[in-house]
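See structure below.
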Amino acid sequence: MDQHVSWLTQFANHYLGSLALALLSELRIKPDHPEMPIPEHVVMALTALVLGTVLALLLRARLSVERPGPSQQIAEMLLTNPMGFGINDVLAENAGHHWQKYVPMVGSIALFILLSNLLGVIPLFTSPTANATVPLACAIITFVYFNWQGLKHHGPLGYAKHFAGPVWWLSPLMFPVEILSTTARLLSLTVRLWANIFASDLIYGLFLGLFTAPVVWAWTKSPILGIVLGVLPALVPIAFILLHVFVSVVQTYVFAILPAVYIGLATADEH
């Protein structure tokens, strides 16, 4: 079981735990912790998904060409910005001439990962991407998507030739190497995101715990002493919050640029 269980996970298991157990039983899956069949990372991932959906619907209702509001301006910065790391910027540079049609998929994955990463900043919540299964799920979706785009663009035979290399007599050697290299992208996408967010969450949690314990002790001695000592843990974690936000944004950018590159490679035409 996850070390930390939020109130939201407890709430979900209280009301939906029996339904989850019944579903797992039908699938012949035995949960490690029957008393908590819905894990923390699943609840947090669904929270990020619902949050992203609600934000998108609210933004859609307020779209305006003449008078764009702050939320619309922020959303537009996620798509394109002067620094060149928006979704449109990344795809235009790496995904080929028809990059516009990949925006919904790559943008959705990037937004989900950004929200998932940033959930760890909120007290009593955790980042679902700190659990390896969530980055793996995102990596599998990305892997299936860019290969599907390659199949659509080249056709089955043409896409198979894509792995054989330009020199026909080296094809028996190149084909298994290219297949292995392409499959390894699953591991690359998963481990890079998971390891960075897990480490960031761990550091943030450790330092917050180290500074919280003295405050709790001081509060039992004197409320005034507790408030005085509480200033330190209120200020010091700000640096770690900023670090976590920075890591979250960087890892979202990496997870956006790599699918763009993979799509560009899968749909590239030989010259």
(request) Give a yes or no on whether the ring-centroid distance for His14 and Phe11 is below 6.0 angstrom. (result) no
(request) Could you pull out all residues at least two apart from Lys161 that satisfy side-chain contact (heavy atoms from CB on, under 4.5 Å)? (result) Leu157
(message) According to side-chain contact (heavy atoms from CB on, under 4.5 Å), who are the partners of Thr9, at least two apart in sequence or on a separate chain?
(response) Val5, Ser6, Asn13, Met36, Glu40, Val43, Met44
(request) Answer yes or no: is there a side-chain heavy-atom contact under 4.5 Å between Tyr262 and Thr182? (result) no
(request) Please answer whether the main-chain N or O of Ile263 pairs with a side-chain N or O of Thr267 as donor and acceptor at a distance below 3.5 Å. (result) yes
(request) Establish whether Val134 and Val250 are linked, either directly or via other cluster members, by ILVMFWY side-chain heavy-atom contacts under 4.5 Å. (result) yes
(message) If you compare all heavy atoms of Gly17 against all heavy atoms of Pro37, which two are closest, and at what distance to 0.1 Å?
(response) O-CG, 3.5 Å
(request) Could you list all the ring-ring contact (aromatic ring centres under 6.0 Å, His included) pairs where at least one residue sits in residues 177-203, not counting sequence neighbours? (result) Trp194-Phe198
(message) Quick check on the hydrophobic clustering: are Phe246 and Ile113 connected, directly or via other members, by side-chain heavy-atom contacts under 4.5 Å?
(response) yes
(request) With rounding to the nearest 0.5 Å, note down the distance linking CG in Leu58 to CG in Leu63. (result) 11.0 Å
(message) Could you report the tightest heavy-atom contact between Asn131 and His41, atom names first, then the distance?
(response) ND2-ND1, 3.3 Å
(message) Please find the pair of heavy atoms, one from Phe163 and one from Asn147, that lie closest to each other, and give the distance.
(response) CZ-OD1, 4.3 Å
(request) Kindly give the heavy-atom pair with the smallest separation between Thr142 and Cys138, and that separation in Å. (result) OG1-O, 2.8 Å
(message) With a 4.5 Å cut-off on side-chain heavy-atom distances among I, L, V, M, F, W and Y, is there a chain of contacts connecting Val249 to Met77?
(response) no
(request) Examine Ile38 and Leu51 and state if one hydrophobic cluster contains both, with Ile, Leu, Val, Met, Phe, Trp and Tyr joined whenever side-chain heavy atoms are less than 4.5 Å apart. (result) no
(message) Within the structure provided, determine whether Phe143 and Trp148 are in side-chain contact (heavy-atom separation under 4.5 Å).
(response) no
(request) Ignoring hydrogens and angles, tell me if any N or O in the side chain of His154 forms a donor-acceptor pair with the backbone of Ala266 under 3.5 Å. (result) yes
(message) Any heavy-atom pair between the side chains of Gln72 and Leu59 that's under 4.5 Å?
(response) yes
(message) Between Val106 and Leu186, is there shared hydrophobic-cluster membership here, with clusters defined by ILVMFWY side-chain heavy atoms closer than 4.5 Å?
(response) yes
(request) Please report the C-alpha distance between Asn117 and Ser127 in whole Å, then the side-chain angles of each, then the deciding distance to 0.1 Å, and finally whether the side-chain hydrogen bond (donor to acceptor under 3.5 Å, both in side chains) criterion is met. (result) CA-CA 5 Å; Asn117 293 348; Ser127 300; 5.6 Å; no
(request) Decide yes or no for Leu193 and Leu189: does some side-chain heavy atom of the first lie under 4.5 Å from some side-chain heavy atom of the second? (result) no
(message) Checking the side chain of Asn88 only, and the main-chain atoms of Val103 only, is there a donor and an acceptor separated by less than 3.5 Å?
(response) no
Distance-only donor-acceptor pairs under 3.5 Å for side chains of residues 251-258, two or more places apart:
unit_1, atom_1, unit_2, atom_2, d
Thr252, OG1, Ser248, O, 2.8

(request) List for me each residue that meets side chain to side chain donor-acceptor pair (under 3.5 Å) alongside Gln10, sequence neighbours excluded, and say none if there are none. (result) none
(message) Taking NZ in Lys101 as the centre, count heavy atoms belonging to other residues, nucleotides or ligands within less than 6.0 Å. Is the count above 12?
(response) yes
(message) Test of understanding: with side-chain contact (heavy atoms from CB on, under 4.5 Å), list the residues that count as partners of Leu57, not counting sequence neighbours.
(response) Thr53
(request) Mark yes or no for whether Ser200, through its side chain, and Asn196, through its backbone, hold a donor-acceptor pair below 3.5 Å. (result) no
(message) How close do Tyr159 and Phe146 get, counting heavy atoms only, and between which atoms?
(response) OH-O, 4.3 Å
